[in-house]
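So the structure is just underneath, and the comments pick up after that.
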Amino acid sequence: MKYGFIGCGNMGSSLVRALHNSTTDIAVADFSEKSKKFAKELCITHTDNETLVKDCDRIFLAVKPHIMASCLKPLQGLFAEKKPLLISMAAGVEIAQIEAMVGVKLPIIRIMPNTPTAVGKGVILYCRNELVDDATLSDWLADMAPCGIVDALQENL
């Protein structure tokens, strides 16, 4: 099960660093030269959004909230076909909004992380929609353990 990161700025790269302690099966898609160097440093894949969606089962949406819709719209057909788990860290973008942006009901986890996750000292609050089953959540939580504390919170909070 390969993890993908659409966007790899400060927060995305912090999560990649921590997740790298659980798995090296990670790909990043970001247009910056910094992300290419980062991927090379960690010996992970650097690719484009379309290839990432085709190749990854669990996809972090690590782009700024104001560009989320324009980033996801061209990927709608791939999301409908592949049905990956999406993990969004876009502040203020609720699960229902993400579902509307991708155009199909998918399992979605919404997280609010902080940068100390890079060194295993972070706190990540999460919520999920009804399509994230307990087995998937359990696997994801195990993979996220190197980030620090990962705790559930109702989305409205």
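We count residues from 1, following the sequence as given.
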Walk me through whether Gln76 and Val104 qualify under side chain to side chain contact (heavy atoms under 4.5 Å, CB included).
CA-CA 8 Å; Gln76 286 180 337; Val104 64; over 6 Å; no
Go through the steps for Arg128 and Thr136 under the test side chain to side chain contact (heavy atoms under 4.5 Å, CB included), then give the verdict.
CA-CA 11 Å; Arg128 62 179 167 156; Thr136 300; over 6 Å; no
Pair Leu78, Asn49 - check side chain to side chain contact (heavy atoms under 4.5 Å, CB included), show working.
CA-CA 10 Å; Leu78 293 172; Asn49 290 349; over 6 Å; no
Walk me through whether Phe79 and Leu72 qualify under side chain to side chain contact (heavy atoms under 4.5 Å, CB included).
CA-CA 9 Å; Phe79 286 134; Leu72 297 180; 3.8 Å; yes
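Dense packing is recorded around CD of Glu130, with more than 12 heavy atoms of other residues, nucleotides or ligands lying under 6.0 Å away. Annotation: Glu155, atom CD; neighbour count of heavy atoms from other residues, nucleotides and ligands within 6.0 Å is above 12. Around the NZ atom of Lys83, the shell of radius 6.0 Å holds more than 12 heavy atoms that belong to other residues, nucleotides or ligands. Residue Ile149 places its CD1 atom among 12 or fewer non-hydrogen atoms of other residues, nucleotides or ligands, all under 6.0 Å distant.
The shortest distance between side-chain heavy atoms of Val102 and Leu75 does not fall below 4.5 Å. By the 4.5 Å heavy-atom criterion applied to side chains, Tyr126 and Ile87 are not counted as neighbours. Residues Leu15 and Ile111 meet the side-chain proximity criterion, which asks for heavy atoms closer than 4.5 Å. The closest side-chain heavy-atom distance from His46 to Phe38 is not below 4.5 Å. In this structure the side chain of Arg110 never reaches within 4.5 angstrom of the side chain of Gln97, judged on heavy atoms.
A salt bridge links Lys82 with Asp57: the distance from a Lys NZ or Arg NE/NH1/NH2 to an Asp or Glu carboxylate oxygen falls below 4.0 Å.
Rounding to the nearest 0.5 Å gives a distance of 4.5 Å between CD1 of Ile109 and CG of Leu85. With rounding to the nearest 0.5 angstrom, the NZ atom of Lys36 is 10.5 Å from the CZ atom of Phe31. The line from CG of Leu42 to CD1 of Ile26 is 7.5 Å long, rounded to the nearest 0.5 Å.
Residue Asn114 comes nearest to Met11 through the heavy atom pair O-CE, 3.2 Å, listed as atom of the first residue, atom of the second, then distance. Of all the heavy atoms in Cys147 and Ala18, the pair that sits closest is SG-CB, 3.4 Å. Here the shortest heavy-atom pairing between Phe60 and Leu19 reads CE1-CD2, 4.1 Å. What you find for Leu153 and Cys127 is that their closest heavy atoms are O-CB, 3.2 Å. Residues Ile59 and Leu52 share a closest heavy-atom pair of CG2-CD2, 3.8 Å. Scanning both residues, Met68 and Ser88, for their nearest heavy atoms gives CE-OG, 3.6 Å.
Of the possible donor and acceptor atoms, one in the side chain of Ser22 sits under 3.5 Å from a partner among the backbone N and O of Asp143. Of the possible polar contacts, none joining the Ser138 side chain to the Asp134 backbone as a donor-acceptor pair under 3.5 Å is found. When atom types are taken as modelled, the side chain of Thr51 and the backbone of Asp48 share no donor-acceptor pair closer than 3.5 angstrom. The backbone N or O of Ile108 sits less than 3.5 Å from a side-chain atom of Asn129, completing a donor-acceptor pair.
Note on Val16 and Met144: same hydrophobic cluster, where clusters join Ile, Leu, Val, Met, Phe, Trp and Tyr whose side-chain heavy atoms are under 4.5 Å apart, directly or indirectly.
Under 3.5 Å, the side chains of Asp25 and Thr23 contain no donor-acceptor pair of N or O atoms.
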